[in-house]
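Naming convention: chains lettered A, B, ... in sequence-line order (proteins, then strands); numbering from 1 in each chain.
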2 protein chains.
Amino acid sequence: MIMATVRARPASARKTRYASATRDDLVRSAVALFTTHGYAGTSLDVIAARARVTKGALYHHFRDKQDLFEAAFSAVEKKVYAKLKKVLATSENLWVKAGLVVREYLQSCLDPAYQRIVIHEGPVVMGWQRWRDAQEGLSFGVIRDAIADLRAAGGLSGLPVEVTARLVCGALSTAATMIANSPDPKRVSEETEDAVVRLLGLVRAGAEAQGLR
Amino acid sequence: MIMATVRARPASARKTRYASATRDDLVRSAVALFTTHGYAGTSLDVIAARARVTKGALYHHFRDKQDLFEAAFSAVEKKVYAKLKKVLATSENLWVKAGLVVREYLQSCLDPAYQRIVIHEGPVVMGWQRWRDAQEGLSFGVIRDAIADLRAAGGLSGLPVEVTARLVCGALSTAATMIANSPDPKRVSEETEDAVVRLLGLVRAGAEAQGLR
DNA sequence: GAAACGAACATACCACGGGTATGGTGCGGC
DNA sequence: GCCGCACCATACCCGTGGTATGTTCGTTTC
């Protein structure tokens with residue numbers, strides 16, 4: 001029984017020392033499957049199969065299913081973070097910049113992966129505390145900083161920054177969910193942006209009127 | 001082998017024809033366990049045991065685990081709905097009433113059961129669409145109506161009601177989650193209410209300033 | 001009034017999926 | 001050249017959702 005080297009690997013046997021590549025494959029596979037079928041609806045065997053490995057490899061790189069989920073979470077979050085950071089680099093008027101960040105974040109929230117993994121299943125799978133901490137230095141940090149700038153510039157007298165940022169994020173993610181699940185995303189999207197811009201305008205008008213008095 | 005009537009029932013054998021009571025027991029048990037251990041972390045056997053029955057009884061009253069979850073969801077939602085309805089019955093100034101509703105909803109969101117079952121796990125377990133529909137006639141309906149009144153009264157020029165209501169709910173539920181998971185709920189709660197009231201004030205000021213022009 | 005019927009459960013069993021224990025293989029270090 | 005470890009596959013265990021079937025007892029029907 002010689003049969004040479006053709007072991008019954010999941011196909012296209014990877015040689016060796018490609019550990020990080022394997023890890024990335026697993027994360028990509030997890031992101032795709034968690035996005036379409038959810039955390040509970042995706043088995044580890046299927047994730048591993050899509051990455052052309054077995055559960056053994058998976059458990060070599062990750063402690064458990066939750067650990068893999070967190071890796072997928074981070075991967076998705078980092079992309080959005082990069083986009084927001086780029087928008088924030090433009091040096092316009094603070095209020096204008098706030099509008100841009102809001103617009104960009106709304107757009108990011110439309111990504112199915114971000115929506116399901118980060119917004120919806122994140123707090124359930126990871127637990128809210130851990131979910132919050134994981135976002136601290138990423139997309140949420142950007143939004144919080146924007147609001148802090150706004151406050152420092154004089155508007156928003158005495159508004160607690162952290163809390164307000166959370167409120168804004170909550171509202172926006174809800175909005176994005178609404179858009180994504182709408183039968184007519186185009187229309188709802190415009191309506192939502194309109195509403196957000198209007199509200200932002202009202203707050204600005206209120207802040208200025210109050211500031212003048 | 002006579003042994004009389006003493007069957008090995010899960011203790012305290014219920015006679016018969018107490019079907020609705022059994023159902024309620026199961027729902028109460030589910031609410032309690034889902035609240036503390038989450039949907040995935042709670043087995044049907046444990047739920048049944050707490051209700052002093054077996055899985056057989058559970059599957060007689062509910063199609064599957066998800067069906068039981070929805071029953072628990074409805075039970076929790078109805079309580080909050082009743083409270084909101086009561087607050088809305090007071091006939092004060094519309095803006096004052098809006099403030100009261102916001103305050104009451106925030107308070108309701110602090111209930112661990114409402115927080116975990118309705119806000120967090122609801123959309124994940126039931127799917128967002130179904131979750132949205134299930135809330136339509138309950139707590140969300142109350143908030144949407146309040147905003148509709150506000151708009152009809154002249155303020156909030158041309159704001160889309162449905163969308164705005166979703167934004168408000170999203171922000172408030174996020175706020176409540178933040179409060180509940182804070183190491184110092186008392187302080188964060190006050191801070192949050194302060195922020196919400198301030199923002200509401202800003203919007204009102206903006207609306208009035210804009211309305212005067 | 002007893003036989004038939006069905007609601008309201010209990011019991012026994014299966015399949016699937018997360019997790020573990022163990023085995024194998026090739027590369028780097030000495 | 002052999003040792004050890006990273007890297008991964010295979011085999012297995014067990015908790016859990018779901019199903020199929022059995023059992024009891026009140027209600028109905030003739």
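A donor-acceptor contact under 3.5 Å is not formed by the side chain of Lys65(B) with the base of dG18(D).
Counting only distance, with no hydrogens or angles, the side chain of Ser74(B) and the backbone of Glu70(B) share a donor-acceptor pair below 3.5 Å. The backbone N or O of Leu159(A) lies less than 3.5 Å from a partner atom in the side chain of Arg151(A), making a donor-acceptor pair. Distance alone, capped at 3.5 Å, places no donor-acceptor pair between the Trp131(A) side chain and the Ile119(A) backbone.
As rounded to whole Å, 15 Å separates atom C1' of dA10(C) from atom OH of Tyr59(B). We find that CG of Asp45(B) is positioned 12 Å from P of dG18(D), with the value rounded to whole Å. A straight line from NE2 of His61(A) to P of dG19(C) spans 17 Å, rounded to a whole angstrom. Rounded to whole angstrom, the span from the NZ atom of Lys55(A) across to the P atom of dT20(C) amounts to 11 Å. At whole-Å resolution of the value, CZ in Phe62(B) and C1' in dC9(C) are 14 Å apart. Distance CZ (Arg63(A)) to C1' (dT20(C)): 16 Å, rounded to an integer number of Å. Atom CG of Asp67(A) and atom C1' of dG19(C) are 14 Å apart (whole Å). Here dT16(D) presents its P atom at 14 Å from CG of Leu58(B), a figure rounded to the nearest Å.
Counting only heavy atoms from C-beta on, Ser43(B) has its side chain closest to dT16(D) among dA10(C), dT16(D), dA9(D).
The residue among Gly56(A) and Ala40(A) whose nearest nucleotide of DNA chain C lies closer to the 5′ end is Ala40(A).
Partners of Arg166(A) by side-chain hydrogen bond (donor to acceptor under 3.5 Å, both in side chains), not counting sequence neighbours, listed by chain and number: Glu136(A).
Contact check, His60(B) against dA10(C): no side-chain N or O comes under 4.0 Å of OP1 or OP2. In this model, the phosphate group of dA8(C) is not approached by any side-chain N or O of Thr22(B) to a distance below 4.0 Å at OP1 or OP2.
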